[in-house]
Amino acid sequence: MEGRWESVAKYNKILTGLAMTVFLAVLLIRLSAMLSQDSDVSSEHNPRLFGSTYMTRNNPFFDVLHESLEEVVEENGDILITRDPLQNQEKQNEQIMDMINEGIELLFINPVDWEAAQPAVEACKKAGVPIINIDTKLKDQDAVVSCIETDNYQAGQECAIDMMKRLDAARIVILDNPIQTSISDRVQGFLDTIEGHDKYEVIFQEAGAGELEVSAEVIAGFLKNNEEFDVLFGGNDPSALGGLSSLQQYKKDEGVLIYGVDGSPDFKVMLEMGFVTGTSCQSPKSLGRTAGETAYRYLNGEKVPKYISLPSRLITKENLNEYEINGWQ
(Lines give C-alpha, C1' and ligand atoms only; values in the text may rest on other atoms or scores of the structure.)
Protein backbone atom coordinates (compact mmCIF):
# COMPACT_ATOMS: atom_id res chain seq x y z
CA MET A 1 0.00 0.00 0.00
CA GLU A 2 2.84 2.33 0.91
CA GLY A 3 4.43 1.68 -2.51
CA ARG A 4 1.19 2.64 -4.24
CA TRP A 5 1.06 6.05 -2.46
CA GLU A 6 4.67 6.63 -3.34
CA SER A 7 3.84 5.98 -7.00
CA VAL A 8 0.83 8.36 -6.87
CA ALA A 9 2.93 11.05 -5.21
CA LYS A 10 5.64 10.60 -7.77
CA TYR A 11 3.04 10.79 -10.61
CA ASN A 12 1.50 13.95 -9.15
CA LYS A 13 4.94 15.49 -8.92
CA ILE A 14 5.54 14.73 -12.59
CA LEU A 15 2.16 16.27 -13.57
CA THR A 16 2.88 19.37 -11.51
CA GLY A 17 6.25 19.71 -13.20
CA LEU A 18 4.69 19.36 -16.64
CA ALA A 19 2.00 21.90 -15.81
CA MET A 20 4.63 24.34 -14.62
CA THR A 21 6.64 23.78 -17.81
CA VAL A 22 3.56 24.40 -19.98
CA PHE A 23 2.70 27.51 -17.93
CA LEU A 24 6.21 28.89 -18.34
CA ALA A 25 6.18 28.12 -22.08
CA VAL A 26 2.85 29.94 -22.55
CA LEU A 27 4.15 32.85 -20.49
CA LEU A 28 7.29 33.10 -22.63
CA ILE A 29 5.22 33.00 -25.83
CA ARG A 30 3.00 35.81 -24.56
CA LEU A 31 5.97 37.91 -23.48
CA SER A 32 7.61 37.35 -26.85
CA ALA A 33 4.42 38.43 -28.65
CA MET A 34 4.19 41.57 -26.50
CA LEU A 35 7.81 42.45 -27.20
CA SER A 36 7.26 41.85 -30.90
CA GLN A 37 4.23 44.15 -30.88
CA ASP A 38 6.23 46.84 -29.09
CA SER A 39 8.98 46.46 -31.68
CA ASP A 40 6.46 46.80 -34.54
CA VAL A 41 5.03 49.96 -32.99
CA SER A 42 8.45 51.48 -32.48
CA SER A 43 9.50 50.69 -36.08
CA GLU A 44 6.20 51.82 -37.64
CA HIS A 45 6.82 54.26 -40.52
CA ASN A 46 5.33 57.70 -40.11
CA PRO A 47 4.56 58.87 -43.66
CA ARG A 48 6.41 61.98 -44.77
CA LEU A 49 4.53 64.64 -46.70
CA PHE A 50 6.06 66.03 -49.91
CA GLY A 51 4.77 68.77 -52.21
CA SER A 52 4.93 69.06 -55.99
CA THR A 53 4.00 71.78 -58.47
CA TYR A 54 4.38 72.07 -62.24
CA MET A 55 3.87 75.12 -64.46
CA THR A 56 0.66 73.57 -65.81
CA ARG A 57 -1.25 70.31 -65.91
CA ASN A 58 -2.62 71.30 -69.31
CA ASN A 59 0.34 69.46 -70.83
CA PRO A 60 0.17 65.62 -70.52
CA PHE A 61 3.97 65.62 -70.15
CA PHE A 62 3.57 66.80 -66.55
CA ASP A 63 0.89 64.21 -65.77
CA VAL A 64 3.28 61.41 -66.76
CA LEU A 65 6.17 63.04 -64.86
CA HIS A 66 4.00 63.37 -61.74
CA GLU A 67 2.79 59.76 -61.91
CA SER A 68 6.37 58.52 -62.13
CA LEU A 69 7.44 60.70 -59.21
CA GLU A 70 4.42 59.64 -57.16
CA GLU A 71 5.31 55.97 -57.69
CA VAL A 72 8.70 56.50 -56.03
CA VAL A 73 7.16 58.38 -53.10
CA GLU A 74 4.46 55.76 -52.51
CA GLU A 75 7.00 52.93 -52.78
CA ASN A 76 8.66 54.53 -49.74
CA GLY A 77 5.39 54.75 -47.82
CA ASP A 78 5.12 58.51 -48.10
CA ILE A 79 2.58 61.01 -49.45
CA LEU A 80 2.89 63.43 -52.38
CA ILE A 81 0.46 66.32 -52.77
CA THR A 82 0.34 68.55 -55.83
CA ARG A 83 -1.03 71.89 -57.01
CA ASP A 84 -1.72 73.30 -60.50
CA PRO A 85 -0.86 77.01 -60.92
CA LEU A 86 -2.25 77.16 -64.49
CA GLN A 87 0.80 79.03 -65.86
CA ASN A 88 0.46 81.72 -63.18
CA GLN A 89 3.62 82.28 -61.14
CA GLU A 90 1.92 84.36 -58.46
CA LYS A 91 -0.58 81.55 -57.97
CA GLN A 92 2.24 79.00 -57.85
CA ASN A 93 4.03 81.01 -55.15
CA GLU A 94 0.85 81.13 -53.07
CA GLN A 95 0.25 77.40 -53.49
CA ILE A 96 3.80 76.58 -52.41
CA MET A 97 3.38 78.69 -49.27
CA ASP A 98 0.11 76.85 -48.55
CA MET A 99 1.90 73.50 -48.89
CA ILE A 100 4.64 74.70 -46.53
CA ASN A 101 1.91 75.53 -43.99
CA GLU A 102 0.46 72.04 -44.51
CA GLY A 103 3.79 70.62 -43.34
CA ILE A 104 5.61 69.39 -46.46
CA GLU A 105 9.16 68.19 -45.78
CA LEU A 106 10.43 68.60 -49.35
CA LEU A 107 9.27 70.38 -52.52
CA PHE A 108 9.49 69.23 -56.14
CA ILE A 109 9.12 72.27 -58.40
CA ASN A 110 8.84 72.99 -62.10
CA PRO A 111 8.47 76.80 -62.09
CA VAL A 112 6.20 78.88 -64.30
CA ASP A 113 8.75 81.71 -64.34
CA TRP A 114 12.33 80.89 -63.38
CA GLU A 115 12.90 84.37 -61.83
CA ALA A 116 9.48 85.26 -60.39
CA ALA A 117 9.42 82.01 -58.39
CA GLN A 118 11.97 83.54 -55.97
CA PRO A 119 9.45 84.43 -53.20
CA ALA A 120 8.47 80.75 -52.99
CA VAL A 121 12.15 79.76 -52.95
CA GLU A 122 12.77 82.17 -50.06
CA ALA A 123 9.76 80.76 -48.19
CA CYS A 124 11.20 77.24 -48.55
CA LYS A 125 14.58 78.43 -47.25
CA LYS A 126 12.95 80.05 -44.22
CA ALA A 127 10.89 76.93 -43.46
CA GLY A 128 13.83 74.55 -43.99
CA VAL A 129 12.11 72.79 -46.89
CA PRO A 130 14.66 71.39 -49.39
CA ILE A 131 13.92 71.86 -53.11
CA ILE A 132 14.28 69.40 -56.00
CA ASN A 133 14.06 71.36 -59.27
CA ILE A 134 12.60 69.48 -62.28
CA ASP A 135 12.67 70.09 -66.06
CA THR A 136 13.00 73.91 -65.97
CA LYS A 137 15.67 75.66 -63.90
CA LEU A 138 15.03 78.09 -61.09
CA LYS A 139 17.28 81.13 -61.27
CA ASP A 140 18.51 80.64 -57.69
CA GLN A 141 20.30 77.32 -58.14
CA ASP A 142 22.16 77.82 -54.84
CA ALA A 143 18.84 77.18 -53.07
CA VAL A 144 18.29 73.89 -54.87
CA VAL A 145 19.39 70.45 -53.65
CA SER A 146 19.46 69.12 -57.22
CA CYS A 147 18.16 70.14 -60.65
CA ILE A 148 17.06 67.34 -62.99
CA GLU A 149 16.29 68.13 -66.61
CA THR A 150 16.64 66.93 -70.19
CA ASP A 151 19.65 68.26 -72.09
CA ASN A 152 17.51 71.00 -73.60
CA TYR A 153 20.33 72.68 -75.50
CA GLN A 154 21.08 69.37 -77.22
CA ALA A 155 17.38 68.94 -78.05
CA GLY A 156 17.41 72.22 -79.99
CA GLN A 157 20.64 71.31 -81.73
CA GLU A 158 19.21 67.99 -82.96
CA CYS A 159 16.28 69.73 -84.63
CA ALA A 160 18.54 72.25 -86.36
CA ILE A 161 20.97 69.57 -87.57
CA ASP A 162 18.14 67.53 -89.07
CA MET A 163 16.68 70.62 -90.75
CA MET A 164 20.04 71.46 -92.33
CA LYS A 165 20.29 67.93 -93.72
CA ARG A 166 16.89 68.30 -95.37
CA LEU A 167 17.15 71.89 -96.63
CA ASP A 168 20.07 73.85 -98.12
CA ALA A 169 18.37 77.13 -97.18
CA ALA A 170 15.36 78.07 -95.04
CA ARG A 171 13.20 80.88 -93.72
CA ILE A 172 12.43 79.92 -90.14
CA VAL A 173 9.66 80.69 -87.62
CA ILE A 174 10.34 80.00 -83.92
CA LEU A 175 7.88 79.70 -81.03
CA ASP A 176 9.77 80.25 -77.78
CA ASN A 177 8.97 81.14 -74.15
CA PRO A 178 11.68 83.25 -72.46
CA ILE A 179 10.39 82.76 -68.89
CA GLN A 180 10.98 78.98 -69.13
CA THR A 181 14.65 78.08 -69.32
CA SER A 182 13.88 74.63 -70.76
CA ILE A 183 12.37 76.20 -73.88
CA SER A 184 14.85 79.10 -74.11
CA ASP A 185 17.76 76.61 -73.90
CA ARG A 186 16.27 74.58 -76.75
CA VAL A 187 15.85 77.69 -78.87
CA GLN A 188 19.44 78.72 -78.09
CA GLY A 189 20.71 75.31 -79.14
CA PHE A 190 18.82 75.65 -82.42
CA LEU A 191 20.07 79.20 -83.06
CA ASP A 192 23.69 78.41 -82.21
CA THR A 193 23.63 75.50 -84.66
CA ILE A 194 22.53 77.63 -87.61
CA GLU A 195 24.73 80.59 -86.66
CA GLY A 196 27.19 81.48 -89.42
CA HIS A 197 25.05 79.81 -92.07
CA ASP A 198 23.55 82.78 -93.90
CA LYS A 199 21.12 80.70 -95.92
CA TYR A 200 19.16 79.88 -92.74
CA GLU A 201 17.23 82.97 -91.62
CA VAL A 202 14.90 83.39 -88.65
CA ILE A 203 12.14 85.69 -89.90
CA PHE A 204 9.83 85.51 -86.86
CA GLN A 205 10.31 84.58 -83.19
CA GLU A 206 7.55 84.92 -80.62
CA ALA A 207 6.49 83.46 -77.27
CA GLY A 208 3.89 80.72 -77.50
CA ALA A 209 3.71 80.07 -73.72
CA GLY A 210 4.52 76.41 -74.37
CA GLU A 211 0.81 75.78 -74.99
CA LEU A 212 -1.09 74.64 -78.07
CA GLU A 213 -3.86 77.25 -78.00
CA VAL A 214 -1.55 80.23 -77.43
CA SER A 215 0.89 79.06 -80.12
CA ALA A 216 -1.97 78.56 -82.58
CA GLU A 217 -3.08 82.17 -82.01
CA VAL A 218 0.46 83.50 -82.46
CA ILE A 219 0.94 81.67 -85.77
CA ALA A 220 -2.55 82.61 -86.98
CA GLY A 221 -1.66 86.26 -86.43
CA PHE A 222 1.66 85.88 -88.21
CA LEU A 223 0.07 84.18 -91.22
CA LYS A 224 -1.96 87.29 -91.90
CA ASN A 225 1.29 88.92 -93.05
CA ASN A 226 1.38 86.42 -95.94
CA GLU A 227 5.11 85.79 -95.45
CA GLU A 228 6.51 82.60 -96.90
CA PHE A 229 8.57 80.30 -94.68
CA ASP A 230 9.95 76.77 -94.78
CA VAL A 231 10.41 75.72 -91.14
CA LEU A 232 8.53 76.05 -87.86
CA PHE A 233 10.43 75.20 -84.69
CA GLY A 234 8.35 74.94 -81.51
CA GLY A 235 10.05 75.02 -78.12
CA ASN A 236 7.95 72.02 -77.14
CA ASP A 237 5.47 69.70 -78.85
CA PRO A 238 2.32 71.65 -77.89
CA SER A 239 3.86 74.80 -79.44
CA ALA A 240 4.68 72.99 -82.67
CA LEU A 241 1.25 71.32 -82.84
CA GLY A 242 -0.45 74.67 -82.20
CA GLY A 243 1.50 76.08 -85.13
CA LEU A 244 0.50 73.10 -87.27
CA SER A 245 -3.20 73.59 -86.50
CA SER A 246 -3.09 77.19 -87.74
CA LEU A 247 -1.09 76.26 -90.82
CA GLN A 248 -3.66 73.61 -91.66
CA GLN A 249 -6.54 75.98 -90.98
CA TYR A 250 -5.12 78.52 -93.43
CA LYS A 251 -4.01 75.75 -95.83
CA LYS A 252 -0.36 76.81 -95.64
CA ASP A 253 1.16 73.65 -94.17
CA GLU A 254 2.29 72.19 -97.50
CA GLY A 255 6.09 71.88 -97.64
CA VAL A 256 6.71 73.36 -94.15
CA LEU A 257 9.03 71.33 -91.90
CA ILE A 258 7.71 71.28 -88.32
CA TYR A 259 9.88 70.45 -85.30
CA GLY A 260 9.01 70.11 -81.63
CA VAL A 261 10.60 68.89 -78.41
CA ASP A 262 9.06 66.25 -76.10
CA GLY A 263 8.33 63.08 -78.07
CA SER A 264 4.69 63.22 -76.99
CA PRO A 265 2.18 60.60 -78.20
CA ASP A 266 0.20 63.32 -80.03
CA PHE A 267 3.26 64.48 -81.93
CA LYS A 268 4.31 60.93 -82.78
CA VAL A 269 0.87 60.24 -84.25
CA MET A 270 1.20 63.36 -86.42
CA LEU A 271 4.69 62.19 -87.35
CA GLU A 272 3.37 58.81 -88.44
CA MET A 273 0.77 60.57 -90.59
CA GLY A 274 3.42 62.78 -92.19
CA PHE A 275 2.16 66.14 -90.90
CA VAL A 276 5.31 66.98 -88.88
CA THR A 277 9.04 66.37 -89.29
CA GLY A 278 10.74 65.60 -85.99
CA THR A 279 10.74 65.94 -82.20
CA SER A 280 13.66 65.75 -79.78
CA CYS A 281 12.32 63.38 -77.21
CA GLN A 282 12.21 63.75 -73.45
CA SER A 283 11.34 61.05 -70.95
CA PRO A 284 8.96 62.38 -68.29
CA LYS A 285 9.00 58.91 -66.73
CA SER A 286 12.78 59.09 -66.26
CA LEU A 287 12.65 62.69 -65.04
CA GLY A 288 10.05 61.84 -62.39
CA ARG A 289 11.78 58.69 -61.16
CA THR A 290 15.21 60.34 -61.11
CA ALA A 291 13.83 63.29 -59.13
CA GLY A 292 12.21 61.00 -56.59
CA GLU A 293 15.23 58.77 -56.14
CA THR A 294 17.52 61.80 -55.83
CA ALA A 295 15.28 63.23 -53.10
CA TYR A 296 15.44 60.02 -51.05
CA ARG A 297 19.20 59.74 -51.39
CA TYR A 298 19.47 63.30 -50.08
CA LEU A 299 17.08 62.63 -47.18
CA ASN A 300 19.11 59.52 -46.30
CA GLY A 301 22.20 61.68 -45.91
CA GLU A 302 23.88 60.83 -49.21
CA LYS A 303 25.63 63.40 -51.37
CA VAL A 304 23.64 63.99 -54.57
CA PRO A 305 24.65 65.69 -57.85
CA LYS A 306 23.80 69.37 -58.03
CA TYR A 307 22.77 68.98 -61.67
CA ILE A 308 21.54 65.92 -63.56
CA SER A 309 21.08 66.08 -67.34
CA LEU A 310 19.22 63.34 -69.22
CA PRO A 311 20.07 62.91 -72.93
CA SER A 312 17.68 63.66 -75.77
CA ARG A 313 17.28 61.94 -79.14
CA LEU A 314 15.52 63.12 -82.29
CA ILE A 315 12.51 61.09 -83.40
CA THR A 316 11.67 61.24 -87.09
CA LYS A 317 9.55 59.08 -89.36
CA GLU A 318 12.72 57.12 -90.21
CA ASN A 319 13.21 55.84 -86.62
CA LEU A 320 9.64 56.11 -85.29
CA ASN A 321 9.32 52.30 -85.21
CA GLU A 322 11.83 52.27 -82.32
CA TYR A 323 9.36 54.12 -80.06
CA GLU A 324 5.92 53.46 -78.63
CA ILE A 325 3.69 55.81 -80.61
CA ASN A 326 0.83 55.98 -78.11
CA GLY A 327 2.99 56.33 -75.00
CA TRP A 328 5.80 58.35 -73.48
CA GLN A 329 9.41 57.31 -73.19
Side-chain angles (χ1 to χ4, degrees), residues 54-55 59-62 64-66 68-69 108-112 114 131-142 144-165 172 174-195 205 208 210 231 233-240 258-265 267-268 271 276-295 297 304-316 318-320 322-324 327-329:
Y54 317 95
M55 61 181 72
N59 184 343
F61 173 88
F62 293 112
V64 177
L65 192 159
H66 178 75
S68 180
L69 173 59
F108 298 95
I109 179 173
N110 165 261
V112 176
W114 77 310
I131 297 171
I132 299 290
N133 188 187
I134 312 176
D135 181 61
T136 297
K137 291 190 192 84
L138 288 160
K139 186 172 184 179
D140 186 1
Q141 284 294 295
D142 289 340
V144 169
V145 168
S146 184
C147 178
I148 298 102
E149 64 174 3
T150 303
D151 189 334
N152 291 301
Y153 187 85
Q154 177 201 15
Q157 285 180 308
E158 289 175 337
C159 292
I161 290 168
D162 186 79
M163 176 200 70
M164 294 171 78
K165 288 178 181 177
I172 304 163
I174 293 177
L175 289 165
D176 65 13
N177 197 25
I179 65 172
Q180 296 172 9
T181 59
S182 55
I183 289 181
S184 58
D185 285 351
R186 295 165 194 167
V187 170
Q188 196 59 53
F190 187 97
L191 293 173
D192 287 351
T193 303
I194 66 172
E195 187 176 3
Q205 183 173 341
V231 176
F233 173 59
N236 63 1
D237 281 355
S239 299
I258 298 176
Y259 292 93
V261 177
D262 277 339
S264 66
F267 199 98
K268 284 183 286 192
L271 192 56
V276 292
T277 312
T279 176
S280 290
C281 68
Q282 297 198 86
S283 174
K285 293 179 181 179
S286 297
L287 284 168
R289 178 152 288 276
T290 302
E293 291 172 350
T294 301
R297 285 200 298 272
V304 298
K306 190 72 173 175
Y307 179 74
I308 300 172
S309 176
L310 304 183
S312 176
R313 186 187 177 199
L314 188 71
I315 304 176
T316 64
E318 289 76 17
N319 66 355
L320 183 59
E322 299 175 24
Y323 296 85
E324 181 186 351
W328 288 86
Q329 295 69 241

Please, which pairs that meet salt bridge (charged side-chain N to carboxylate O under 4.0 Å, His left out) have at least one residue in residues 174-193, sequence neighbours excluded? K137-D185
N/O donor-acceptor pair under 3.5 Å between N177 side chain and S184 backbone: no
With sequence neighbours left out, write down each residue that passes ring pair (Phe, Tyr, Trp, His ring centres under 6.0 Å) with F190, or none if nothing qualifies. F233
Nearest 0.5 Å please: distance from the CG atom of L138 over to the CG atom of N133. 4.0 Å
N/O donor-acceptor pair under 3.5 Å between S239 side chain and G234 backbone: no
For I161, side chain to side chain contact (heavy atoms under 4.5 Å, CB included) partners two or more places apart: K165, T193
At their closest point, which heavy atom of S280 faces which heavy atom of A155, and how far apart are they? OG-O, 2.7 Å
Search all heavy atoms of I183 against all heavy atoms of G210 and return the closest pair with its distance. CD1-CA, 4.0 Å
Mark yes or no for whether Y259, through its side chain, and M163, through its backbone, hold a donor-acceptor pair below 3.5 Å. yes
So, D237 side chain and G263 main chain: donor-acceptor pair closer than 3.5 Å or not? yes
Applying side-chain contact (heavy atoms from CB on, under 4.5 Å), run through D135 and F61 and close with a yes or a no. CA-CA 11 Å; D135 181 61; F61 173 88; 3.9 Å; yes
Any side-chain heavy atom of S182 sitting closer than 4.5 Å to one from T150? no
What is the distance from atom CD of E293 to atom CD1 of I132, rounded to the nearest 0.5 Å? 12.0 Å
By side chain to side chain contact (heavy atoms under 4.5 Å, CB included), which residues pair with Q154, not counting sequence neighbours? D151, Q157, E158, P311, S312
Could you work out, with salt bridge (charged side-chain N to carboxylate O under 4.0 Å, His left out) as the rule, every residue matching K306, not counting sequence neighbours? none
With sequence neighbours excluded, residues passing side chain to side chain contact (heavy atoms under 4.5 Å, CB included) with V64: P284, K285, W328
Output all residues satisfying salt bridge (charged side-chain N to carboxylate O under 4.0 Å, His left out) with E324, sequence neighbours left out; order by chain, then residue number. none
I'd like to know if the side chain of T136 reaches the main chain of P111, judged simply by a donor and an acceptor atom lying under 3.5 Å from each other, with no hydrogens or angles considered. no
Residues passing the salt bridge (charged side-chain N to carboxylate O under 4.0 Å, His left out) test with E195, sequence neighbours excluded, are none
For the atom pair NE2 (H66) and CG (L287), what is the distance rounded to the nearest 0.5 Å? 14.5 Å
Under the side-chain hydrogen bond (donor to acceptor under 3.5 Å, both in side chains) rule, collect the residues that match up with S286, sequence neighbours excluded. S283
Under the salt bridge (charged side-chain N to carboxylate O under 4.0 Å, His left out) test, which residues partner R313, sequence neighbours left out? E322
So which atom in G260 and which in A240 form the shortest heavy-atom distance, rounded to 0.1 Å? CA-CB, 3.9 Å
Could you list the residues that satisfy side-chain hydrogen bond (donor to acceptor under 3.5 Å, both in side chains) with S309, not counting sequence neighbours? none
What's the spacing between L65 CG and R289 CZ if we round to 0.5 Å? 12.0 Å
Would a 4.5 Å heavy-atom cut-off, applied to side chains only, mark F108 and T294 as touching? no
Between Q282 and N236, does a side chain to side chain donor-acceptor pair (under 3.5 Å) hold up when you go through it step by step? CA-CA 10 Å; Q282 297 198 86; N236 63 1; over 6 Å; no
Locate the shortest heavy-atom distance separating P305 from S146; write the atom from each residue and the value. O-OG, 2.7 Å
Please check this pair: side chain of T279 against backbone of I315, looking for a donor-acceptor N/O pair closer than 3.5 Å. no
Criterion side-chain contact (heavy atoms from CB on, under 4.5 Å) on T277 and T316, from CA distance to verdict: CA-CA 6 Å; T277 312; T316 64; 5.9 Å; no
Partner set under side-chain hydrogen bond (donor to acceptor under 3.5 Å, both in side chains) for N319, not counting sequence neighbours: none
